Amino acid sequence: MESLYLVQDFIEQQLQSYSCDEQLIMPINLAAEEIFVNIVQYGFSNTNDKNVIIINCFIENSSIFYLQFCDMGVPFNPLQKQIPLIDASIEERSIGGLGIYLAKKLMDGITYEFTNGKNKLTLKKSLVLPK
């Protein structure tokens, strides 16, 4: 968890190098925080796992930002998680699910794949602000 600030700084530096607006940096960083924290808290079954998360980001056509989280933790597709009952009372809600829900709302797309023993979650965000 102590690496969270390094992750956010890395993402912010990448976005600033493309002169991205702060209105885009904040939601991307928040979505990244939710994903990173979930991987750290739930992605590794025991302390013998290789607790490494590789984060890649790249920009396509100067207008679409991709952020990919890759880990060798427990296979888990967060996109298959049911949408949380956000309008329900606290007593009616189940624990979990809000982080991926928030990331879905903040980003323009999220994909998941499990290949070669690795979880790969890719977030996509348009760098063009709506008018």
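The structure presented is a predicted model; accordingly, all values stated were derived computationally and were not measured.
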Any residue meeting ring-ring contact (aromatic ring centres under 6.0 Å, His included) with Tyr5, in chain and number order, not counting sequence neighbours: none

Inter-residue atom distance Lys125.NZ - Ile110.CD1, 0.5 Å rounding: 10.5 Å

Going by the rule side-chain hydrogen bond (donor to acceptor under 3.5 Å, both in side chains), which residues pair with Gln16 if we only count those two or more places apart in sequence or in a different chain? Glu12

In terms of hydrophobic clustering (I, L, V, M, F, W, Y; side-chain heavy atoms under 4.5 Å; direct or indirect links), are Met26 and Tyr101 co-clustered? no

Can you tell if the side chain of Ile53 reaches within under 4.5 Å of the side chain of Phe36, non-hydrogen atoms only? yes

d(Ile11 CD1, Leu123 CG) to nearest 0.5 Å is 8.5 Å

Pairwise side-chain contact, Asn38 with Pro78, heavy-atom cut-off 4.5 Å (strictly under): no

Ser63: what forms a side chain to side chain contact (heavy atoms under 4.5 Å, CB included) with it, not counting sequence neighbours? Asn61, Val128

Cys57 and Leu67: which non-hydrogen atoms are nearest, and at how many Å? CB-CD1, 4.0 Å

Which residues pass the side chain to side chain contact (heavy atoms under 4.5 Å, CB included) test with Leu30, sequence neighbours left out? Glu33, Glu34, Leu102, Leu106

Are Met107 and Leu24 joined in one hydrophobic group, where the rule is that I, L, V, M, F, W and Y side chains link up if heavy atoms are under 4.5 Å apart? yes

List for me each residue that meets side-chain hydrogen bond (donor to acceptor under 3.5 Å, both in side chains) alongside Gln68, sequence neighbours excluded, and say none if there are none. Thr122

Nearest-0.5 Å distance, CZ of residue Phe69 to CD1 of residue Ile55: 4.5 Å

Please identify each residue that fulfils side chain to side chain contact (heavy atoms under 4.5 Å, CB included) with Cys20, with sequence neighbours left out. Leu15, Tyr18, Ile25, Leu127

For Thr115, all residues meeting side chain to side chain contact (heavy atoms under 4.5 Å, CB included), sequence neighbours excluded: Glu113, Lys120

Would you give the length of the straight line joining atom OG of Ser17 to atom CD1 of Ile59, rounded to the nearest 0.5 angstrom? 6.5 Å

Of all residues at least two apart in sequence or in a different chain, which pass the side-chain hydrogen bond (donor to acceptor under 3.5 Å, both in side chains) check with Asn119? Asp71, Tyr112

Using a side-chain heavy atom cutoff under 4.5 Å and only I, L, V, M, F, W and Y, what cluster partners does Tyr66 have? Phe58, Ile64

